[in-house]
Amino acid sequence: MDMNASRPTPHVSSSKVQGPRSKVLSTFAFCLLIFALLSSGCGYHFAGSGTLPQGIQRVSVAEIDNQTLETGSEKELQWALEREFRSRAGMTVTDEGEGVLNVTMRQFDLRPLSFDSRDQVLEYEVTLLLDVILTHRETGQTLWQANNLHVASDYSAVPQVVVTTSPEFQQGTLNPEDLDGLTDIQFSETQKHAAIERLFATAAREVYFRLSENF
């Protein structure tokens, strides 16, 4: 007698094999659906992805009021703001924008961050304090305002402490092989200029993010 012939062939339900995986996929899809519903219902959006107050899409950056001793730096900040807003989808920077961005530079400071054993400065920090107002060109109404907006950027003052693999150094104009040919003063001034550029770019980004989030 053939024992194999009389033995019933075991049947494995495909639904049981795929059950756990299907359950995971269903749970994941359900979570995505809940997230989408909550996002649309609460008006949630990622930082910087919203529109400006009252749907403003055309912006003018007014001449910046520079109350600091850094003469000429207001132009660099204005260019940084214009670049930032132009890089955003749906935004237009024009002289006739319905929204006018007014910026006041209140403080621009440079302070030492660290010293060596001989009290030589190794790192500096540059900080910027701003007041920003968005007004409606036609009515003069204040649409958004942020006071005491603070941003900072630091830099190495001597080549011995610079980290050449850091993003800050790699975004600058110096190469690692350039360091040996610079005096400490030349190096410090080059790093300071790069830090100020980063400072203004950070300030412009912060203004846009806060403005688009109405924060």
message: Does anything in residues 70-80 form a salt bridge (charged side-chain N to carboxylate O under 4.0 Å, His left out)? List the pairs, not counting sequence neighbours.
response: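 Residue pairs passing salt bridge (charged side-chain N to carboxylate O under 4.0 Å, His left out), neighbours aside: none found.
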With sequence neighbours left out, write down each residue that passes side chain to side chain contact (heavy atoms under 4.5 Å, CB included) with [X], or none if nothing qualifies.
X	value
Ser114	Leu122, Glu123
Thr71	none
Gln67	Asp65, Thr104, Arg106
Thr127	Asp109, Glu125, His150, Ala152

- request: Among Val59, Val132, Val61, Val93, find the one that has a side chain to side chain contact (heavy atoms under 4.5 Å, CB included) with Leu81.
  value: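 Exactly one pass, corresponding to Val61.
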query: Looking at Asn66, Ile196, Leu129, Leu77, which one forms a side chain to side chain contact (heavy atoms under 4.5 Å, CB included) with Phe108?
result: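 The single option meeting the side chain to side chain contact (heavy atoms under 4.5 Å, CB included) with Phe108 is Ile196.
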query: Can you name the one residue among Glu98, Arg137, Glu96 that meets side chain to side chain donor-acceptor pair (under 3.5 Å) with Ser60?
result: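 For Ser60, the side chain to side chain donor-acceptor pair (under 3.5 Å) check succeeds only for Arg137.
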- request: Could you tell me whether the side chain of Thr142 and the main chain of Trp144 form a donor-acceptor pair under 3.5 Å?
  value: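 No, the answer is negative, given that no donor and acceptor are paired below the 3.5 Å cut-off.
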query: Say you draw a straight line from OG1 of Thr92 to CD1 of Ile56; how long is it, rounded to the nearest 0.5 Å?
result: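 Thr92 atom OG1 to Ile56 atom CD1 measures 11.5 Å (nearest 0.5 Å).
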field: Exceeds 12 heavy-atom contacts within 6.0 angstrom, atom CG of Asn148
entry: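 Result for CG/Asn148: enclosed.
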field: Short side-chain donor-acceptor distance under 3.5 Å, Glu189 and His193
entry: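 There is no such pair between these side chains.
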task: Can you sort out the partners of Tyr155 under ring-ring contact (aromatic ring centres under 6.0 Å, His included), two or more places apart, ordered by chain and number?
output: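 Only Tyr124 meet the ring-ring contact (aromatic ring centres under 6.0 Å, His included) criterion with Tyr155.
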